[in-house]
Structure formats: C-alpha cells, structure tokens
S.K.: 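First the structure, which I've put down as structure tokens, then a few questions once you've had a look.
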Amino acid sequence: MRRWLLSSACGTEFLLAEKMAETIYDATIIGGGPAGYMAAIRAAEYGLKVALIEKNNALGGTCLHVGCIPTKALLFNAEIWDHMKHAAEFGIEGIGSPTLNWAAVLERKNSIIAKHAKGLDFLMKKHKIARIEGFGRLTGPARDGIHAVEVTAASGEVSQVKAKNVILATGSEAKMLPDLKAGDRILTNIEILAMEQVPKSLIVIGAGAVGMEFASLFRTFGAEITIVEFLPRVVPVEDEEISKEITRLFKKRGIDVNTGARVEMVERTETGVKVTFIDASGNPQIKEAEKALVAVGRAGRTGDLGLEQMRIVLDRGLIQVNKAQETAEPGVFAIGDIVAGLPQLAHVGAMSGMIAAAKIAGRPFRPVRRDRIPGCTYTEPQIGSVGLTETQAKETGHEVKVGKFPFAGNSKATILGAHDGFVKVVADARYGEILGVHILGPQATELIAEAVAVLELEGTVEEMLFTIHAHPTLAESLLDAYGAVEGMAINA
Ligand SMILES: Cc1cc2nc3c(=O)[nH]c(=O)nc-3n(C[C@H](O)[C@H](O)[C@H](O)COP(=O)(O)OP(=O)(O)OC[C@H]3O[C@@H](n4cnc5c(N)ncnc54)[C@H](O)[C@@H]3O)c2cc1C
C-alpha cells in the first residue's frame, strides 16, 4: 500500500496518498517561508482545512535559513564584538584581546535556525495543518471550483493535492550578474552564510539592505570591505539624508564606498576575485579581494509552477495581484516575495499571507499599504524607516515640513555610547499629518515601530508632541524630532 509522509520533520504523521487525493482542502499553500507558513496558520485559525506544500525538509524559507534570522544572529555577534572592543570605555578591564571563534559563531546561528524550524513544525501540528513535503506545481485552472496541485516528492513520487483555493508563496532567490555562477569565491547570501572563515577582504556588489548588512558585519570582524553600487547612493530606497550619513559613517569605519559604479567584469584570480567597474566619473577601476558578494536583488520563483496554463499575469517574473492578493486566475492567490509591486520583506510576505487567508475565509481585512511598510537595515548604525521620504512627499504634492533631531542630544544614546545618526520626521505642512519617519542610529529597527503605529493611525505632529515618552529612552529622540518639525525640539 502506498503511504505518504506528511510531517517528516516531526516524524509522526503519515497519511495515505489516496486519502490525501480524496481530501479537498479549503486552502493549499505552495511554499513554507514566512508568507506561506503564516498564511497557513491564519487560515487554520479561521477554521479552514489547510495543506502546506514545501519542497525542503524544513519550513522557514529564505528568511529563517539564509536571510533575516541568520544575518541578524551574526549581526548581534558583531554588536557584542564591538562592545568588547570598547569595554575599557565602560570601565570593564581585564578582558585582554578577545578572539573570534567563527565556528562557534556559526554554530550559534545554526542552533537558532534549528530551534525555530522545530517551532514551526510544532505550530503546524498544533493547527492541524497537513504538511506535505515535495515540489508543488499547478496543473491548470480549477475544475468545478477545485484546483489540483501536483506534488513531486524528493523520491520522484508524484501525487495530487486538491483544494478550493491555492496560495502561491514560493519566494525568491538571489539574482546573479550575467555569466556568473555562485561558488566558493563569488557568493550569494547562501554561500556567504556558510563560509568557514571570515574573509580578509570582501567586495560587496549592491548596496541595498542585504549588501549593506554583510558589509557592516564583516567590517566589524576585521575584513577590508569595498562596496560597489550602480545607483548614485547606498540604500537607495531610503531618504537621501540617510544614504548620505551612512555613507559618511561607513567611510569612517574604513569601508571603501563606490556609488554610481557600473560593474563590467567579475573574475576569479589565483587567490580570490577581481572586480572591474566604471566609477561615477567614468574611469575604469579594478578592485581585488578574497571574495565577492553579489547582492543585486532577488528574482521571484515563478518559473516552474505551471503558470503558463493559467490567466496569471506576470510582471518581470513577479505575479500581479489585487488588494486581496488574488491573481487573475480565480481561486489562486500570490503572497510574499513573488508578488509584483511590493518590497521583498518577510513582514510584507507575512501580512500578505494573512490577507489572503482572511479573503478565503470571508473575513474582513485591510490591504497592504506601501507607504505603511517599515524598512529595516541592521547595519551599524541601524536604519529604520516608514512612509514617505522628503522627496517623495514633495513629489506627491505635499507642502512639507521636516524635523530632524540628532542622537547626540539624547541622554540614553550617551549612556549607550552611540551618538551617531538622527531621527527625521516628514510632515504635511498644512495639517501636520506625519507622512514619514526616517531613523539612522541605535536601535532604529526597534524604534520605528512607534512611527508605524503613528502613520497607521494618521497621527499629527501636534498629537505626538503631547504623547508622553518614557525617560531616559532612545524613543525620546522621536519626541524631539516631532518637536523639531515646529522648531521646538527641547534637547537640541
Ligand atoms: C540575506 C537576507 C537577509 C534578509 N533580511 C531580512 C530582514 O531582516 N527582514 C525582512 O523583512 N526581510 C529580510 N529578507 C527578505 C526575506 O527573507 C524575504 O522577504 C522572505 O523570506 C520572503 O518570504 P516568502 O515566504 O515569500 O519566500 P521564501 O522565504 O523564499 O520561502 C519560499 C519557500 O517556498 C519553497 N518553495 C519554492 N518553490 C516551491 C515549490 N514549487 N513547491 C514547494 N515549495 C517551494 C522554498 O523552498 C521556500 O521554503 C532578507 C533576505 C536575505 C536574502
């Protein structure tokens, strides 16, 4: 008799393939990253019968295995390392010269991943979600309202899962430069997270959040870093002032930052890599290093999903959806990194999954609003932002008022010894509505949560001026920045 392993990671739940084929799920999700597993859990919470198809033997996707979680784990190691180096400033002596046990650093990172992957297995069981291991592919439009998803297991065995609704959540993978292949010296986010040693030198191609975080991390651990970015500024989605200041701070840390630079060639040399680019003045430049990281964006995994037989509309490899995350094919939704027009972030994927689940369950939901999505870059110092940049606010017709407050004036920042950066508030001059908040500085990725709530509730400068912020906190710098909009910061 044919048996189908459903929850292999838990090692407990088996289901007959025949039984699986008989079951008609309310929602079947293809892809168990943050978008997919959160959609699955929320759909189950609504009382729907849910199946989750994942090709890997562990849930969590890019985010858990080779993205958000491992990078932030390593960045926390870097933060501790930085504190150790400055321990004497805090009156802590006798540490000597600390050394880095990179193998132990990686082991800690891997144990965090394993713990959370196990946690996801538990949540699947708790919510009675049928976990199906294998590669999912649509077989065509629904027949009598029922979709059939073909699942190919690692063994090659093929089966079918039937569902009233299918949610595509297959995520993304690193884009490569033309004619390049990732390996031991030319790296993507996957290879760089498994390096056996900290490289002596690293060229980072692409200065979005991913490139900037790896640059910051390995600089702290002593690598010589060169950044090569095609656009005129680093972190190009951020407010211009943030890009300018973090460039200055990175240069102060000894990072070689090249913007407006067009990469012509990436070659392996006997000992490492050589990157040739045309700099912002039009001159050819050659940089050599032990390794090069290519962080030039991510391509949606939409290639082998059987979409060609459907009405689904693609936009440069990403799927177009409406406000409920529905594609043009009835009963087929798309969420997370494969969706066109939304930033590729775990929290956007998660929310888009929860929206799709609500729509399928017939429950109320609010669509994702692009101008309410926090963006976080966990560099040293960190960046946290939400809403319109100053330029975007002007371009969308607002008469703009800006308030800026430096962390140099914040007492908690002094206590932490972290004075770099500022909070910038962009407000509408007529009504005082806060349109955007841009933070560069200590704990910026945590502080931004207040600003997200303020924008979500359409808060004004006046309201925030009379909102009590605890003392002494970094959050008081927000209060001062709201005040600065009206020329009334207290501490600067
Ligand atoms: C280095 C790095 C750092 C990052 N840091 C952050 C951060 O700090 N914060 C943040 O918000 N975002 C961060 N991101 C982005 C974040 O990882 C992604 O936005 C997020 O993982 C997208 O979630 P997803 O579920 O759409 O896709 P994924 O996480 O890519 O998951 C998709 C899943 O689908 C599976 N799959 C694919 N095709 C099939 C198929 N046909 N059948 C079955 N299974 C399939 C894959 O195996 C995978 O498990 C980072 C990304 C990188 C690369």
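Note that the coordinates shown come from a computational prediction; the quantities given were computed from them, not determined experimentally.
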S.K.: So how far is it from Ile192 CD1 to Phe218 CZ, rounded to the nearest 0.5 Å?
M.R.: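 Atom-to-atom, Ile192:CD1 and Phe218:CZ are 4.5 Å apart.
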S.K.: Under 6.0 Å from the CZ atom of Phe230, do we count more than 12 heavy atoms belonging to anything else shown?
M.R.: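 Open.
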S.K.: When you check the gap from the basic side-chain N to the acidic O, do Glu264 and Arg262 get nearer than 4.0 Å?
M.R.: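 Yes, this pair counts.
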S.K.: Identify the two heavy atoms, one from Ala44 and one from Ile129, that lie closest to each other, and give their separation to 0.1 Å.
M.R.: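 The pair with the smallest heavy-atom distance is CB-CG1, 4.0 Å.
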S.K.: Would you find more than 12 non-hydrogen atoms of other residues, nucleotides or ligands less than 6.0 Å from Glu45 atom CD?
M.R.: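 More than 12 within 6.0 Å, yes.
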S.K.: With Lys394 as reference, evaluate Glu390, Gln392, His398 under the side chain to side chain contact (heavy atoms under 4.5 Å, CB included) test and give the passing residue.
M.R.: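 The passing option is Glu390.
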S.K.: Ion pair present between Asp26 and Lys49, side-chain N to carboxylate O less than 4.0 angstrom?
M.R.: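 No, Asp26 and Lys49 are not salt-bridged.
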S.K.: Is it true that Arg301 and Glu173 make a salt bridge, defined as a side-chain N closer than 4.0 Å to a carboxylate O?
M.R.: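 Yes, charged N to carboxylate O under 4.0 Å.
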S.K.: Other residues, nucleotides and ligands only: do more than 12 of their heavy atoms fall within 6.0 Å of CZ on Arg366?
M.R.: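 Open: at most 12 neighbouring heavy atoms sit under 6.0 Å from CZ of Arg366.
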S.K.: Can Arg233 and Glu241 be counted as an ion pair, charged N to O under 4.0 angstrom?
M.R.: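 Between Glu241 and Arg233 there is no salt bridge, as every charged N stays at least 4.0 Å from the carboxylate O atoms.
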S.K.: Report the distance from atom CE of Met265 to atom CG of Leu180, rounding to the nearest 0.5 Å.
M.R.: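 Met265 atom CE to Leu180 atom CG measures 10.5 Å (nearest 0.5 Å).
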S.K.: Specify the closest pair of heavy atoms between Thr28 and Val161, including all atoms of both residues, with the distance to one decimal.
M.R.: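 Where Thr28 meets Val161 most closely, the heavy atoms are OG1-CG1, 3.6 Å.
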S.K.: What's the verdict on side-chain hydrogen bond (donor to acceptor under 3.5 Å, both in side chains) for Asp239 and Thr389, showing C-alpha distance, side-chain angles and the deciding distance?
M.R.: CA-CA 5 Å; Asp239 190 276; Thr389 64; 4.7 Å; no
S.K.: Step by step, would you call Arg253 with Thr220 a side-chain hydrogen bond (donor to acceptor under 3.5 Å, both in side chains)?
M.R.: CA-CA 9 Å; Arg253 290 177 64 194; Thr220 299; 2.8 Å; yes
S.K.: Considering residues, nucleotides and ligands other than Arg137, do more than 12 of their heavy atoms fall under 6.0 Å from its CZ?
M.R.: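 Atom CZ in Arg137 is packed in, count exceeds 12.
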S.K.: Going by side-chain contact (heavy atoms from CB on, under 4.5 Å), name the residues that satisfy it together with Glu191, two or more places apart in sequence or in a different chain.
M.R.: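 Result, side-chain contact (heavy atoms from CB on, under 4.5 Å) vs Glu191: Ala182, Leu187, Thr188.
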S.K.: Indicate yes or no: does Asp184 engage Lys291 in a salt bridge with an N to O separation below 4.0 Å.
M.R.: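 Judged by the 4.0 Å cut-off on N to carboxylate O distance, Asp184 and Lys291 do not form a salt bridge.
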